[in-house]
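Because only heavy atoms are used, hydrogens play no part in the values below, and waters and symmetry mates are left out as well, while side chains stay in.
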Amino acid sequence: MSTLDIKPETKNKILVEVMLRLADDRLIHGHRLSEWTGHGPELEEDLALANVALDMIGHAAALYSYAAEIEGKEDEDYYAYFRDDIDFKNVAMMELPKGDFAFTIARLFLFSAYSYHLYKDLIQTVEDEQLNGMLQKHFKEIKYHLRHSREWVLRLGDGTEESHKRIQNAFDEIWMYTGELFDLDEADQAAIEQRLFVDVTAFRNEWKSLVNEVLKEATLNVPDDDQYMFSGARQGRHTEYLGRLLAEMQFLRRSYPDAEWK
């Protein structure tokens, strides 16, 4: 099924579509976070961001592995290294350049708050035992990501004049990409009917309440929802940044597809 044929026809194809959407978000976000390795503002945070990146990539690998098992692929690497940008199903927020530290923290906090509510509901809904088991395992780490990024939002927002300005600019810049987190298309509707996904619009108000509470505690202004919102990345309409990211991430494996560690 191509990315633009967005309605999978069988339960297994619906399950694979759900896992690829979850996995692509986490692989691309993990790659962006990994760009901070060796460049963190302090050693402890350098290690923390590297660990969060590993968590994200690990979650993606587990989901890809199960998708590969269902689709009869040789291994999960196919999904990471041998698809083109139009076939990736991540939301655009994940592929934006890493920006400064404040931008990285704002993105991590917004996505972790979304993932917290999403996984909490998925665990109560998904009937596929193998997928549900993975979600439960990953949920423990998502709660850590949310707690860690929340603490940094408070620290930067209520910190110096410079840190306050940078984290406010970051939220203002990224806000137009948050609407896409709550878009539903035909593939999502099919997954909801099969109890493989949930109606994300049902927890949007809870997500907003959590975000608003933390931003206000950090003395930050909550950006206006009444603005242009980017959409369409899950259907393959990505920003210019994803192709560049994939060119770097996939280069070695595509150039030497039979290479092995010795």
Given the rule in the side-chain contact (heavy atoms from CB on, under 4.5 Å) test, do V200 and L181 qualify, once you have shown the distances and angles that lead to the verdict? CA-CA 8 Å; V200 291; L181 293 169; over 6 Å; no
Go through E173 and R107 one step at a time and tell me if the side-chain contact (heavy atoms from CB on, under 4.5 Å) criterion holds. CA-CA 10 Å; E173 182 181 348; R107 172 164 54 190; over 6 Å; no
Steps toward side-chain contact (heavy atoms from CB on, under 4.5 Å) verdict (E217, R150): CA-CA 10 Å; E217 187 177 350; R150 175 187 177 277; 3.1 Å; yes
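Judged purely by distance below 3.5 Å, without hydrogens or angles, the side chains of T239 and E95 pair a donor atom with an acceptor atom. With hydrogens and angles left out, the side-chain atoms of T10 and N12 include no donor and acceptor closer than 3.5 Å. In this structure, a donor-acceptor pair under 3.5 Å is present between the side chains of Q168 and D172. Donor-acceptor pairing under 3.5 Å is lacking for the side chains of N132 and E127.
Between F197 atom CZ and L184 atom CG the span is 7.0 Å, to the nearest 0.5 Å. Interatomic distance, L154 CG to I105 CD1, rounded to the nearest 0.5 Å: 11.5 Å. Atom CG of L49 and atom CG of L108 lie 7.5 Å apart (nearest 0.5 Å). Note that CG of L33 and CG of N51 are 11.0 Å apart. Values are rounded to the nearest 0.5 Å.
Judged as a salt bridge (charged side-chain N to carboxylate O under 4.0 Å, His left out), and not counting sequence neighbours, the contacts of R166 are D100, E162. Under the side chain to side chain donor-acceptor pair (under 3.5 Å) criterion, S115 pairs with R26, not counting sequence neighbours. In terms of the side chain to side chain donor-acceptor pair (under 3.5 Å) criterion, E151 has no residue partners (sequence neighbours excluded). For D225, the salt bridge (charged side-chain N to carboxylate O under 4.0 Å, His left out) partners are K208, not counting sequence neighbours. Residues passing the salt bridge (charged side-chain N to carboxylate O under 4.0 Å, His left out) test with E35, sequence neighbours excluded: R32. In this structure E42 satisfies the salt bridge (charged side-chain N to carboxylate O under 4.0 Å, His left out) test together with R155, sequence neighbours excluded. D55 pairs by the side chain to side chain donor-acceptor pair (under 3.5 Å) definition with H145, not counting sequence neighbours. Residues that satisfy the ring-ring contact (aromatic ring centres under 6.0 Å, His included) test with F103, not counting sequence neighbours, are absent from this structure.
Here the closest non-hydrogen pair linking A80 and L27 is CB-CD2, 3.9 Å. Taking both residues in full, the closest heavy atoms of A113 and V211 are given as CB-CG2, 4.4 Å, listed atom of the first, atom of the second, then distance. Closest non-hydrogen pair, R254 versus Y81, comes out as NE-O, 2.8 Å. Listed here is the closest heavy atom pair of T178 and W175: OG1-O, 2.7 Å. Closest approach of A170 to A106, counting heavy atoms only: CB-CB, 3.8 Å. Closest non-hydrogen pair, V18 versus A191, comes out as CG2-CB, 3.5 Å.
Under a 3.5 Å cut-off, the side chain of D185 and the backbone N or O of Q235 do not form any donor-acceptor pair. Here the side chain of S255 pairs no donor or acceptor atom with the backbone of L252 at under 3.5 angstrom. Side chain of T125 to main chain of V198: no donor-acceptor pair is present (N/O by atom type, distance under 3.5 Å, no hydrogens or angles). For T219 (side chain) and G157 (main-chain N/O), a donor-acceptor pair under 3.5 Å exists by modelled atom type. Distance alone, capped at 3.5 Å, places no donor-acceptor pair between the Q136 side chain and the I123 backbone. Although no hydrogens or angles enter the test, the distance criterion places no donor-acceptor pair under 3.5 Å between the side chain of N90 and the main chain of D25. Panel note: side chain Q124, backbone D121; no donor-acceptor pair is recorded below 3.5 Å.
The neighbour count for E44 CD, taken as heavy atoms of other residues, nucleotides or ligands under 6.0 Å away, does not exceed 12. Crowding of F251 atom CZ: a count of heavy atoms from other residues, nucleotides or ligands under 6.0 Å not exceeding 12.
Contacts classified as salt bridge (charged side-chain N to carboxylate O under 4.0 Å, His left out) and involving residues 136-147 (residues at least two apart or in different chains) are not found. The list of ring pair (Phe, Tyr, Trp, His ring centres under 6.0 Å) pairs with a residue in residues 208-244, not counting sequence neighbours, reads Y177-F230. Residue pairs satisfying the ring pair (Phe, Tyr, Trp, His ring centres under 6.0 Å) criterion with at least one member in residues 28-61, sequence neighbours excluded, are listed as follows: H29-F111, W36-F101, H59-H138.
The aromatic rings of F82 and Y78 lie parallel to each other, with less than 30° between the two planes, well short of the 60° mark.
Salt-bridge formation is not detected for the pair R237/E180: no Lys NZ or Arg NE/NH1/NH2 atom is positioned less than 4.0 Å from an Asp or Glu carboxylate oxygen. Using a 4.0 Å cut-off between charged nitrogen and carboxylate oxygen, R204 and D199 do not count as a salt-bridge pair.
No option in Y114, F182, F109 other than F182 meets the ring pair (Phe, Tyr, Trp, His ring centres under 6.0 Å) test with W207.
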Solution key, residues 61-75 side-chain donor-acceptor pairs under 3.5 Å, sequence neighbours excluded:
| residue | atom | partner | partner atom | Å |
| --- | --- | --- | --- | --- |
| Y64 | OH | D24 | OD1 | 2.5 |
| Y66 | OH | D128 | OD1 | 3.1 |
| Y66 | OH | D128 | OD2 | 3.0 |
| E71 | OE1 | Y79 | OH | 2.7 |
| D75 | OD1 | D77 | N | 2.9 |

